[in-house]
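Written below as structure tokens is the structure these notes are about.
Order of the sequence lines fixes the chain letters, A, B, ..., with proteins taken first and strands second; residue numbering starts at 1 for each chain.
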Amino acid sequence: MTEREVLLTGIGGQGVQLAAQVLARAAVLEDRHVLLFGVYGGAMRGMNTDATVVVGDAPIQAPPLVSRAWSAIAMHDRYWSPVAPKVVDGALVVVNDATFAAPLDERFTVRRIPAGELAAAAGNELAASMVILGAYVGLTGVVGVDALLGGMRESVPAYRRQHLEVNERALRAGLDRVEPLAVPAWQREAASA
Amino acid sequence: MTTITSRGTVRIDTEACKGCELCITACPPRVLTMGSDLNRAGFHSPLLEPGCTGCAACLFVCPDFCFEVYRYDQPVVTEVAS
Amino acid sequence: MPTLDTSTEPSGARRVGDLTPDLLLTGEHHLCPGCGEPLALRCLLDTITDLEVTTQTIGVVGIGCYTAFTTSIDVDLVQALHGRAPSVATGIKRMRPDAVVFTLQGDGDMVNEGLQEVLHTAARGEAVTCVLLNNGVFGETGGHMTATTVLGQRTKNTIDGREAEYHGYPILIGDLISRLEGASYVARGSVHNAGAVARTKKMVRRALESQRRGDGFSFVEVLTMCPTGWFIPTGESPEYLHETLGAVHVMGELKVDGRVKTTDELHTENVARQREVEARLAAGGLDG
Amino acid sequence: MTTIAVRGAERRLMEGSEAIALASIAAGCRFFAGYPMTPFTEVLEHFARYLPEVGGTCINAESELEAVGMAWGALATGARAATGSTGQGLSLMQESFAEITLAELPLVIFNLARGQGDYFQATRGGGHGDYRHLVLAPVDITEAVELTQLAFHLADRWRNPVLVYGDYLTAHVEESVSVDPIDFGPVPDKDWAVDGATTGTGHAKLLSPLGLAKFGAEPIGIEAHLRRIVAKQHEIERTEARAETGYLDDAETVVVAFGSPARFVRSVVRDLREAGERVGFVRPITLWPFPADAVAAAAGARTVAVFELSAGQLIDDVRLAVLGRAPVVGIGGISTDGSGFGVGRLLDVETIRDRVLAVHRGGADAALPPLPDNERTLW
């Protein structure tokens, strides 16, 4: 039984909760078991927004507040400090380069992605979290590309349908930016890579 | 001697009566009076004198459901001392 | 003056009025002498019979002296908490929209403890009929002030009469409800004399008919005598009701088909009504 | 086949609130009334969205008092009906809970609580008189789907209210679950339900908390009515206790916890077992009836530790079950976040591990490690 945890952090408006939703729904589409807990009390006012996603091949045993995470996504450095101690040594940490200025501990496997630029090139700089998520999925293979796009379509509410294409381009931009399966989530994918 | 016509009459369940006297004041022809006998619960109950119209006012105001009201097919005439 | 035999059924006569309402399993009860509540109850039960809705009627009762009738009323009943009957009726009506649903509450129950329940139920326009037995006192506890006690009225805890400065003002609940959009029919009757009882029965009928048409919320307030709680002789209580409660809680149909009447309109109607009743009584009956 | 069955049957991501609403509907619930309050609010939202699809009714009541009254009325007609709130809102409903229990109506109540301090409220009842509610405490969303359906079954089976006790995490964590209807077996006919059909027949019904009977029927009498309910509740106590246990056989330290925090405790105990520590756990699934036998089985341990997010309420029941055969020590405590809605600093795997280990190594008198300095301000 394998469970892969990812902690997401950022500030309100960066799309952290959307990225978590997309990832969780994508995993369900691949028939994985998923736990998602989003925390966004003051998010609308530029405060912290965090989420925990756990993906597994059996019903999730991990509690919804994870203390040892396999990986992390950081859209901003402002609320990173309480998250960092929960991320295990060697873990993959994907950050948004432009808004994560703080130095990162050398015990992590860090990938800095110029998500804002790539998102702008994809058609909307607000889609940065989709770029980061694309990169994370490319590096880990925690879900496949089809599921990732499916999860995104399921997560976007009907009144934001106009963003579907931009989101897809942003996800693909992230995927294309990284070395595929550099930090594989599952043994099988690692073997076939 | 004089005569009084009753167009109606009532049957009274005197044992159910609690002696509240609402029927006495409610009766338009004023043919109900309080009797002096006590029922088993210790209450006085009303008596009917000739002249009932069968209007049912007593039934409408009786909280203890003591009255059953009748209308005569032919008015009944009672002779009383004048 | 001779007295007549009233112990047996007369011959050569037809019965025009029963002893006990059809929907009472027994007429025997333990409410005080001169109580107005059984009269109001009779209006309600006889109307259910008259409208031929017996096998589809459900009642919800609050807590008051009238609660003693729950075991003898031959109607499917739910006993609610003090003040809470309108919500219980709401749940029943939503699950059984074809049922005729009524509540029975006193003024302490409805206007003190559960005021917001009846107001919200009216505002929601629930198709239920709420019946208020309003005597201006907590009869069951022994005659204490309620939210409808009128100024000057003597109760156990307003022993020199209710004073606005000290006890505040009474709530005219019928008037309040009539202003709510969801209320379709609102009336205030009384049982202080035979004419008033007949009129109240008509109000109950119109309320239940309104419910059956699905017009919305319907409400009948009935002023009832409580000689025990008012500390006056039973024979004087009808007049006391008329002069005291009746002077403030003005009787009449406060709202019909969604139109609210003015107090002047009610007074005019009341005078006309009184003349009509007197004429009908003189002509021989109220039931025709 | 209803729309809802299709909705729920496919495993998908949903928050606990949605799972509870869908599981209720799968169990046949057709009426819900509630008043919004964090973290319960979304339960009401989901009922409002889904109940009309199956011909049911959800009322956004004007207060908790009215919500429970409406549910009372719906129950009286024989419908499966529920209400809910947060512990604070349930406080307002207690008078009705007491009377509904004495009227023997099968109410289902959801408490999506602001922590575990409502344990006494749930298991002792905040209302008047002699009564108990069955109380089910799901550990996660999957179990919430099962226990929600079980709640409706048990309520009908015993004609007694059943309370489902969850918290912020139960309400708002999303998990991939499916809502499959569960058949728990037959329940008694609701021949007591009012529909108006017996009105005027001489056999009208009366649903009264006082055990009153209509004139002419055999009177029950208030005392006999209350005794019958007590006897019923003793039978519930004897037959309905449920618990999950782990590693009790040779455990030197046993941790007792319920609800969402038990998921953390279970995880800690499993980790410690893998590290070779002889620890075990008991998780009461029913808080009433309390699974005293399962907890008593822990009395062979050197120490029984109770982890709960309150000043110490569950611990009373644990002590009653252990009956002095082992020391019982509380390793939880008050724990909330800055908003008062969440679960606070204590609900952390590392923190719990430290506390379990402190007791495991040092026994009941061991000093607990101080709380970490990482208070969460918002959820």
Using non-hydrogen atoms and a 4.5 Å limit, figure out which bit of [X] sits close to chain D: side chain, backbone, both or neither.
X        : answer
Arg84(C) : side chain
Thr70(C) : both
Ala80(C) : backbone

Taking every heavy atom of Phe215(D) against every heavy atom of Ser72(C), the minimum-distance pair comes out as CB-CA, 4.2 Å

Consider only side-chain N and O atoms of [X] and [Y], and report whether a donor and an acceptor are under 3.5 Å apart.
X         : Y         : answer
Gln94(D)  : His128(D) : no
Thr146(C) : Asp107(C) : yes
Thr148(D) : Ser24(D)  : no
Glu117(C) : Ser87(C)  : yes

So, the part of Glu95(D) with a heavy atom under 4.5 Å from chain C: the answer is both

Applying a strict 4.5 Å limit to non-hydrogen atoms, the region of Ile100(D) in contact with chain C is neither

When Glu104(D), His133(D), Gln233(D) are each screened for side-chain hydrogen bond (donor to acceptor under 3.5 Å, both in side chains) with Asn160(D), the one that passes is Gln233(D)

Gap separating the [atom1] atom of [X] from the [atom2] atom of [Y], nearest 0.5 angstrom:
X         : Y         : atom1 : atom2 : result
His30(C)  : Phe69(C)  : NE2   : CZ    : 9.5 Å
Ile73(C)  : Thr26(C)  : CD1   : OG1   : 12.0 Å
Asp130(D) : Arg227(D) : CG    : CZ    : 10.5 Å
Leu24(C)  : Thr71(C)  : CG    : OG1   : 10.0 Å
Leu133(C) : Asp109(C) : CG    : CG    : 9.5 Å

Greatest number of non-hydrogen atom pairs under 4.5 angstrom with chain D, of Ile58(C), Val78(C), Thr57(C), Leu81(C), falls to Leu81(C)

Using a strict cut-off of less than 4.0 Å between a Lys/Arg side-chain nitrogen and an Asp/Glu carboxylate oxygen, indicate whether Arg49(D) and Glu45(D) qualify as a salt bridge. no

Against chain C, residues from residues 191-212 of chain D with at least one heavy atom under 4.5 Å, in numeric order, are Val194(D), Asp195(D), Gly196(D), Ala197(D), Thr198(D), Thr199(D), Gly200(D), Thr201(D), Gly202(D), His203(D), Ala204(D), Lys205(D), Leu206(D), Leu207(D), Ser208(D), Pro209(D), Leu212(D)

By residue number, those in residues 62-86 of chain D with heavy atoms under 4.5 Å from heavy atoms of chain C are Glu62(D), Ser63(D), Leu65(D), Glu66(D), Gly69(D), Met70(D), Trp72(D), Gly73(D), Ala74(D), Ala76(D), Thr77(D), Ala79(D)

